[in-house]
2 protein chains.
Amino acid sequence: MKLKDDRKVELIYQAALKLVARKGLAGITMGDISREAGIATGTLYVYFTGKDELINALFACSRANSVQVAFRGYDASQPFKPGFRTVWMNILRYKLQHFEEVVFVEQCFHSPYITAETREKARELAAPFFELIERGQQEQLVKQADTSLLLTFIMGALNELVKQTHYSNETLSKRKIDLTFNLCWDALKA
Amino acid sequence: MKLKDDRKVELIYQAALKLVARKGLAGITMGDISREAGIATGTLYVYFTGKDELINALFACSRANSVQVAFRGYDASQPFKPGFRTVWMNILRYKLQHFEEVVFVEQCFHSPYITAETREKARELAAPFFELIERGQQEQLVKQADTSLLLTFIMGALNELVKQTHYSNETLSKRKIDLTFNLCWDALKA
DNA sequence: AAGGTAAGCGAATAATTATTCATTTAAGCG
DNA sequence: CGCTTAAATGAATAATTATTCGCTTACCTT
């Protein structure tokens, strides 16, 4: 008996991400995905029941990935600012390196594909970010404003920075990164 | 002879915007648009040569609208900060009131519909915003950083705020708006 | 008021795209 | 090694969707 190949799922994901970043969710077909992945169209249906499931699975996977790396190297016993900086940098680095996921997730948000359930699971993943900001507020280092508002502000700015960087296709210099972190910090700080 | 009806174009635009905000660019068909607009599918082709042209036209129109209102009430002879505040508020108000345009423009950016030409015209429209930030820099009120970086940061944060507000469907209180303006200002200020 | 012209219509058609399926291929197992 | 079973294939089919077209309706002109 022949077994399913986990690397093939990854191949399909990469193909879909690449195509969505290039042509948007509105521009991809199952045929495009299979061609890009170098497999037959029918094979997509071995791994997913259909286009909807493929996209929901990829969405869930993309969200999970980006959260997973965010707290790498973060140590709650460190002072807040450097800890926050670590997380902020992790997110920025991840988004720059996985630009296609950024675009894909954005496009999915207003699409007929993502189910309420998938959406809800994505929301739950954001909990650690809330806790991080709340810690800063407890230590009087961060403004005493609605936590969700602060997070939204930071994430929006970060996301746009990543997109802008990509369009202008220049690499973000260390200097510019530090500068942008300062913008964020100045915005947040009490 | 019967003449084309400008109000009908507006009707079509509104229908398309509403549907894209609800189901994304990937989720709309010409049939959906005509049904939502209350006209026959064939009539769409009286006003537009096809789906591509319709979407390009709506994109151009959406971008132009949002820029047009931004400088309403701005007076360059006023001090910088209140002037900047006026523009910032105009943008926020417009985006909140025209949420559907925000989503539509975002979805269009990575789509097969928007042509390079349409994209370029949209970019040119942003010139006044650059000038505004540059003025603040000349007056030493705004950080001496890459103007484009500062703009990106602000616009990204604003956009995300609008989206988040919409999802949580609460109206943004005066207090929250002032708070967010302060985040922006603290980020920008030298 | 009548004629001409283009808007408006929506069913029919064309084009595209998702999905299925009969067949082939290849991995695991005895 | 052969046998079994599921993956893999891609052409065929089904479903969806863009676009066309013959016809009707309403507006403008004279």
Considering all heavy atoms, the nearest A:I114-A:S111 contact: N-OG, 3.7 Å

Distance in angstrom units between B:E53 CD and D:dT19 C1', rounded: 14 Å

Sequence neighbours excluded - salt bridge (Lys or Arg N to Asp or Glu O under 4.0 Å) pairs with any residue from residues 8-26 of chain A: A:K18-A:E36

B:E120 atom CD: more than 12 heavy-atom contacts under 6.0 Å: yes

Nucleotide C:dT17, atom P - distance to CD1 of A:I33 in whole Å: 12 Å

Atom pair distance, as rounded to whole Å: CG in A:L11 and P in D:dT9: 11 Å

Residues from residues 36-51 of chain B lying under 4.0 Å of DNA chain D - heavy atoms: B:T41, B:G42, B:Y45, B:G50, B:K51

Residue list, ring-ring contact (aromatic ring centres under 6.0 Å, His included) with B:Y47, at least two apart or on another chain: none

Contacts under 3.5 Å, N or O only, protein and nucleotides 26-28 of chain D:
{"residue": "D:dC27", "atom": "O2", "partner": "B:M1", "partner atom": "N", "Å": "3.1"}
{"residue": "D:dC27", "atom": "O2", "partner": "B:M1", "partner atom": "O", "Å": "3.4"}
{"residue": "D:dC28", "atom": "O4'", "partner": "B:M1", "partner atom": "O", "Å": "2.8"}
{"residue": "D:dC28", "atom": "O2", "partner": "B:M1", "partner atom": "N", "Å": "3.3"}

Residues that B:E100 engages under salt bridge (Lys or Arg N to Asp or Glu O under 4.0 Å), provided they are two or more places apart: none

Under-4.0 Å salt bridge between B:E124 and B:R63: no

B:Y94: ring-ring contact (aromatic ring centres under 6.0 Å, His included) partners, not counting sequence neighbours: B:H98

Angle by which the axis turns from one end of the helix from C:dA1-D:dT30 to C:dG30-D:dC1 to the other, five pairs per end, to 10 degrees: 20°

Value in whole Å for how far the P atom of C:dC9 lies from CZ of B:R35: 14 Å

Polar side-chain atom of A:N56 near backbone of A:Y113 as donor-acceptor pair, under 3.5 Å: yes

Interatomic distance where CZ belongs to B:R7 and P belongs to C:dG8 [whole Å]: 10 Å

ILVMFWY network linking A:L188 to A:V87, side-chain heavy atoms under 4.5 angstrom: yes

Interatomic distance where CG belongs to A:D6 and P belongs to D:dA8 [whole Å]: 11 Å

Pairs flagged by salt bridge (Lys or Arg N to Asp or Glu O under 4.0 Å) wherever residues 126-144 of chain B is involved - sequence neighbours left out: A:D186-B:K143, B:R135-B:E139

Of all pairs that satisfy salt bridge (Lys or Arg N to Asp or Glu O under 4.0 Å), the ones with a partner from residues 149-162 of chain A, not counting sequence neighbours: A:E160-A:K163

Ring pair (Phe, Tyr, Trp, His ring centres under 6.0 Å) contacts touching residues 119-139 of chain A (sequence neighbours left out): A:F71-A:F129

Interatomic distance where CD1 belongs to B:I12 and P belongs to C:dA7 [whole Å]: 12 Å

Of all pairs that satisfy salt bridge (Lys or Arg N to Asp or Glu O under 4.0 Å), the ones with a partner from residues 76-98 of chain A, not counting sequence neighbours: A:R85-A:D178

Within residues 16-30 of chain A: residues closer than 4.0 Å to DNA chain C (heavy atoms): A:I28, A:T29, A:M30

N/O (side chain, B:K4) to phosphate O (OP1/OP2, C:dG8) under 4.0 Å: no

